[in-house]
S.K.: 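Structure in structure tokens, see below.
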Amino acid sequence: MPEATYGVSVLDIEISVATPDDRDRIVETLVAAFTADPVLRHLFPDDTTYPAHAAAFFGHLFDKRVHRNSILTAGGGRSVAIWEPPGGSNAVEISLPPVEAARMRAYDDAVRAALPDEPYWYLGVLGTHPDWTGRRWGHAVMAEGLRRAAEEGLPAILETSTAGNVAMYRKAGWDVIAEISDPLPIWVLRH
């Protein structure tokens, strides 16, 4: 695997493509990683139902993409990048109570309206379990997805609702292409 140019050498970090057997570890990692994330807490604000709803959300994303070989992990699933290659759908369709379902639709509609019409690789989720942060595994799995996009001559797109993430992504070569204010602040970035 070639050395990445996104602030981390992928030669130093073992990156794996997730298989169905990795589902539980990856869902557990992402539920823990996104406990304070503005989007996930907007969608699932109740502390008592957050774990179950977030697990259903991340489980759906995993199930939808695992057979496309586009879920990249480091640290045995403790850091995860869920990528959607071109030609797939970014829509999330899970069974939720009506209030949460309405928030999910509003969020999805706002983001989809800001996404480009051209083909692209979509970084839907990037997270590291809080007990394993600081190892640059997230940068490594992001870099591997960016490498795949570059090999195909395509851009990569992501969105975030965390201002600190915008600065981190900019350092990794991403540019803000859209800003959304409703239903919450969202930045759409392109690499």
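In this chain, residues are counted from 1 in sequence order.
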S.K.: Of all heavy-atom pairs between V80 and V141, which one has the smallest distance, and what is that distance?
M.R.: C-CG2, 4.0 Å
S.K.: Excluding sequence neighbours, so at least two apart, what forms salt bridge (Lys or Arg N to Asp or Glu O under 4.0 Å) with D131?
M.R.: none
S.K.: Do L61 and V125 have side chains that approach each other closer than 4.5 Å (heavy atoms only, starting at C-beta)?
M.R.: yes
S.K.: If you round to the nearest 0.5 Å, how far is NE2 of H129 from CZ of R25?
M.R.: 9.0 Å
S.K.: Taking T29 for the side chain and S79 for the main chain, is one N or O donor matched with an acceptor at less than 3.5 Å?
M.R.: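 Flag not set: sc T29 to bb S79 has no pair under 3.5 Å.
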S.K.: OG1 of T162 to OH of Y169: how many Å apart, nearest 0.5 Å?
M.R.: 8.5 Å
S.K.: Between L189 and D175, is there a side-chain heavy-atom distance shorter than 4.5 Å?
M.R.: no
S.K.: Would you check if the side chain of R78 reaches a backbone N or O of G75 as a donor-acceptor pair within less than 3.5 Å?
M.R.: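 Yes, the answer is positive, given that a donor and an acceptor are paired below the 3.5 Å cut-off.
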S.K.: State whether the side chain of R65 and the backbone N or O of I71 hold a donor-acceptor pair below 3.5 Å, judged by distance alone.
M.R.: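 A pair under 3.5 Å: no.
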S.K.: Specify the closest pair of heavy atoms between L123 and A81, including all atoms of both residues, with the distance to one decimal.
M.R.: CD1-CB, 3.9 Å
S.K.: Supply the atom-to-atom distance R170 CZ to N165 CG, rounded to the nearest 0.5 angstrom.
M.R.: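 Nearest 0.5 Å value for the CZ-CG distance: 12.0 Å.
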S.K.: Using the ring-ring contact (aromatic ring centres under 6.0 Å, His included) rule, take F58 and F34 through it: C-alpha gap first, then chi angles, then the decisive distance, then the call.
M.R.: CA-CA 10 Å; F58 290 122; F34 285 85; 5.3 Å; yes
S.K.: Test side-chain hydrogen bond (donor to acceptor under 3.5 Å, both in side chains) on E84 and Y120 and set out the steps.
M.R.: CA-CA 9 Å; E84 178 67 42; Y120 56 86; over 6 Å; no
S.K.: May I ask you to decide whether R147 forms a salt bridge with E152, counting only side-chain N to carboxylate O separations under 4.0 Å?
M.R.: no
S.K.: Does T35 use its side chain to pair, donor to acceptor, with the backbone of V31 at less than 3.5 Å?
M.R.: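 A pair under 3.5 Å: yes.
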S.K.: Hey, could you give me the CG/OG1 distance between D22 and T73, rounded to the nearest 0.5 Å?
M.R.: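 So the CG of D22 and the OG1 of T73 are separated by 6.0 Å.
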S.K.: So, are D109 and R112 salt-bridged, with charged N and O less than 4.0 Å apart?
M.R.: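 The answer is yes: the pair qualifies as a salt bridge.
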S.K.: Side chain of T128, backbone of T133: donor and acceptor closer than 3.5 Å?
M.R.: no
S.K.: Salt bridge or not between E151 and R148? Use side-chain N to carboxylate O under 4.0 Å.
M.R.: no
S.K.: Under the side chain to side chain contact (heavy atoms under 4.5 Å, CB included) rule, collect the residues that match up with A110, sequence neighbours excluded.
M.R.: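 Only I180, P183 meet the side chain to side chain contact (heavy atoms under 4.5 Å, CB included) criterion with A110.
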S.K.: Using a 6.0 Å distance limit plus a 45 degree cone around the ring axis, check whether R135 lies over the aromatic ring of W137.
M.R.: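 Cation-pi check for R135 and W137: passes.
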S.K.: Verify, without hydrogens or angle tests, whether R103 (side chain) and L43 (backbone) share a donor-acceptor contact under 3.5 angstrom.
M.R.: yes
S.K.: Is it the case that the side chain of H191 and the backbone of L158 share a donor-acceptor pair, with hydrogens and angles ignored and the cut-off at 3.5 Å?
M.R.: no
S.K.: Which distance, rounded to the nearest 0.5 Å, do you find between the OG1 of T160 and the CE of M168?
M.R.: 7.5 Å
S.K.: Taking only residues at least two apart or on different chains, which pairs with a member in residues 39-56 satisfy side chain to side chain donor-acceptor pair (under 3.5 Å)?
M.R.: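 Every side chain to side chain donor-acceptor pair (under 3.5 Å) pair that includes a residue of residues 39-56, provided the two are not neighbours, is R41-D47, D46-T48.
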